[in-house]
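Quick notes on the structure that follows.
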Amino acid sequence: MHAPHPIDVAAKASGEPTFREIGVGPWEQTHPGEPRPTDPKYDSQLLDEGDRRNVLDRYRYWTVAAIKADLDARGRHDFEVAVENWTHDFNIGSMVRTANAFQARRVHIVGPHKWNRKGALMTELYQHVENHPSIAELVDCWHNRIAGEIAAARAEAGAAALHAHQAAQHGDTQALAARTAQVDAAEARIRELEAARVIAMDIIPGAVPMERYAFPKRCLLLFGAEGPGLSDKALELADDVVYISQFGSVRSINAGAAAAVAMHSWIAQHAVIGGVAE
């Protein structure tokens with residue numbers, strides 16, 4: 001039998017680590033004397049037993065449906081994430097978890113419907129997850145959705161312009177200003193939607209370094225499997241191919257890590273950054 005390593009002995013004797021408690025206990029224990037919530041957004045079982053889930057404190061005791069609805073109401077970000085599932089890559093779960101952390105508008109799973117959810121830690125419940133039989137079907141669906149949103153924004157701009165004209169005829173300056181602002185906002189959305197692009201994240205000849213790439217506000221990020229990367233069809237359908245600059249000996253980094261880096265790059269360029277998470 002080998003003698004224990006000195007580091008192991010010292011680690012056990014250190015008394016470390018001491019972790020802070022995550023989550024809250026039962027409502028009556030955590031909020032003594034306070035009335036039990038009756039709002040339907042609260043989960044009765046969580047109120048009884050406590051809430052140790054990996055969620056923000058503002059969502060303690062809330063049902064999954066209420067959390068998902070609140071994320072929608074607060075506004076999801078304008079990037080979407082697609083993951084090819086041809087090899088049943090175990091990284092898909094961590095990609096979905098990262099997409100939740102960065103509030104992706106949607107997550108798309110391309111290929112077989114079944115995927116390893118372990119790494120997602122249940123975060124897929126709070127996301128809009130769509131499944132697609134092929135990358136071609138996904139990209140076609142995404143382009144159609146963008147076209148529909150452009151049509152809706154043009155209709156909104158047209159209606160607001162008509163109301164602005166009527167307000168001007170009646171000398172209603174307050175209404176004119178409001179309607180003009182609506183026209184400007186709709187036209188800004190149209191420009192963003194017309195600039196939308198499908199972006200393949202892969203390290204291949206001709207790809208653009210991510211550190212020099214300006215992500216469009218509305219985009220679909222394509223991620224491939226660990227090892228083979230994206231399929232030929234995905235690369236063919238992409239508007240741009242972007243890679244993460246690397247400086248070591250390996251050809252590529254972990255797929256889940258690459259997805260996190262890419263999503264955060266979009267966040268750094270477009271998200272409104274606030275204070276500490278609630």
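Because the structure is predicted, anything quoted here is derived from the model rather than measured.
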Problem set entry | Parallel, tilted or perpendicular: ring planes of Y42 versus W62, cut at 30 and 60 degrees |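 Geometry flag for W62 against Y42: perpendicular rings.
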Minimum side-chain heavy-atom gap [X]-[Y] below 4.5 Å:
{"X": "V9", "Y": "P4", "result": "yes"}
{"X": "L222", "Y": "I199", "result": "no"}
{"X": "I273", "Y": "I267", "result": "yes"}

Nearest heavy-atom neighbours spanning [X] and [Y]:
{"X": "A225", "Y": "T87", "value": "CB-OG1, 3.1 Å"}
{"X": "A200", "Y": "A238", "value": "CB-CB, 3.6 Å"}
{"X": "A157", "Y": "A186", "value": "CB-CB, 3.7 Å"}
{"X": "A104", "Y": "V81", "value": "CB-CG2, 4.2 Å"}
{"X": "E84", "Y": "A234", "value": "OE2-CB, 3.9 Å"}
{"X": "V110", "Y": "S134", "value": "CG1-C, 3.4 Å"}

Under the salt bridge (charged side-chain N to carboxylate O under 4.0 Å, His left out) test, residues paired with [X] that sit two or more places apart:
{"X": "R97", "value": "none"}
{"X": "D202", "value": "none"}
{"X": "D51", "value": "R53, R60"}
{"X": "E49", "value": "none"}

For this session: Flag the pair E194 and R191 as a salt bridge only when some basic side-chain nitrogen lies within less than 4.0 angstrom of an acidic carboxylate oxygen.
Result: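 Salt bridge: no.
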Under 4.5 Å between side-chain heavy atoms, hopping through other hydrophobics if needed: is there a path connecting [X] to [Y]?
{"X": "I204", "Y": "V261", "value": "no"}
{"X": "M201", "Y": "I253", "value": "yes"}
{"X": "L121", "Y": "V129", "value": "no"}

Reference residue [X]; test side chain to side chain contact (heavy atoms under 4.5 Å, CB included); the match among [options]:
{"X": "Y61", "options": "V24, D43, V55", "answer": "V24"}
{"X": "Q127", "options": "R105, R106, R76", "answer": "R76"}
{"X": "V107", "options": "I92, T123, V96", "answer": "V96"}

Under 3.5 Å, is there a donor-acceptor pair between the [X] and [Y] side chains?
{"X": "H108", "Y": "N131", "result": "no"}
{"X": "Q169", "Y": "H165", "result": "yes"}
{"X": "Q103", "Y": "H77", "result": "no"}

Can you list every salt bridge (Lys or Arg N to Asp or Glu O under 4.0 Å) pair that touches [range], not counting sequence neighbours?
{"range": "residues 61-71", "answer": "R58-D70, D70-R74"}
{"range": "residues 10-32", "answer": "E21-R52, E28-R36"}
{"range": "residues 255-272", "answer": "none"}
{"range": "residues 162-190", "answer": "E156-R189"}

To the nearest 0.5 Å, tell me how far [X] [atom1] sits from [Y] [atom2].
{"X": "L71", "Y": "H128", "atom1": "CG", "atom2": "NE2", "result": "8.5 Å"}
{"X": "C219", "Y": "D239", "atom1": "SG", "atom2": "CG", "result": "10.5 Å"}
{"X": "L230", "Y": "L237", "atom1": "CG", "atom2": "CG", "result": "11.0 Å"}
{"X": "I67", "Y": "L56", "atom1": "CD1", "atom2": "CG", "result": "8.5 Å"}
{"X": "L193", "Y": "R218", "atom1": "CG", "atom2": "CZ", "result": "5.5 Å"}
{"X": "D232", "Y": "I135", "atom1": "CG", "atom2": "CD1", "result": "12.0 Å"}

Using a 3.5 Å cut-off and no angle test, enumerate the donor-acceptor pairs between side-chain atoms of residues 141-148 and protein atoms at least two apart in sequence or in another chain.
| from | atom 1 | to | atom 2 | distance (Å) |
| --- | --- | --- | --- | --- |
| W142 | NE1 | E80 | OE2 | 3.4 |
| N144 | ND2 | D140 | O | 3.3 |
| R145 | NH2 | E130 | OE2 | 3.1 |

For this session: Report the residues that fulfil ring-ring contact (aromatic ring centres under 6.0 Å, His included) with H31, sequence neighbours left out, ordered by chain and then residue number.
Result: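 H31: ring-ring contact (aromatic ring centres under 6.0 Å, His included) contacts with W27.
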Problem set entry | ring-ring contact (aromatic ring centres under 6.0 Å, His included) partners of H264, counting only residues at least two apart |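 So H264 forms a ring-ring contact (aromatic ring centres under 6.0 Å, His included) with F102.
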For this session: Tell me, yes or no, whether the heavy-atom count around Q45 atom CD, taken from other residues, nucleotides or ligands under 6.0 Å, exceeds 12.
Result: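 Not buried by this count: 12 neighbours or fewer within 6.0 Å.
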Exercise. Would you say N85's side chain and K114's backbone share a donor-acceptor pair under 3.5 angstrom?
Worked result: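 Between the backbone of K114 and the side chain of N85 there is a qualifying donor-acceptor contact (under 3.5 Å).
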Problem set entry | Main-chain N/O of K217 paired with W266 side-chain donor or acceptor, under 3.5 Å |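 Checking the backbone N and O of K217 against the side chain of W266, a donor-acceptor pair under 3.5 Å is found.
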For this session: Please test V241 against L235 for side-chain contact (heavy atoms from CB on, under 4.5 Å), starting from the C-alpha separation and ending with a verdict.
Result: CA-CA 7 Å; V241 182; L235 294 172; 4.3 Å; yes
Exercise. Can you list every ring-ring contact (aromatic ring centres under 6.0 Å, His included) pair that touches residues 189-246, not counting sequence neighbours?
Worked result: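 Counting only pairs at least two positions apart or across chains, the ring-ring contact (aromatic ring centres under 6.0 Å, His included) contacts touching residues 189-246 are Y213-F215.
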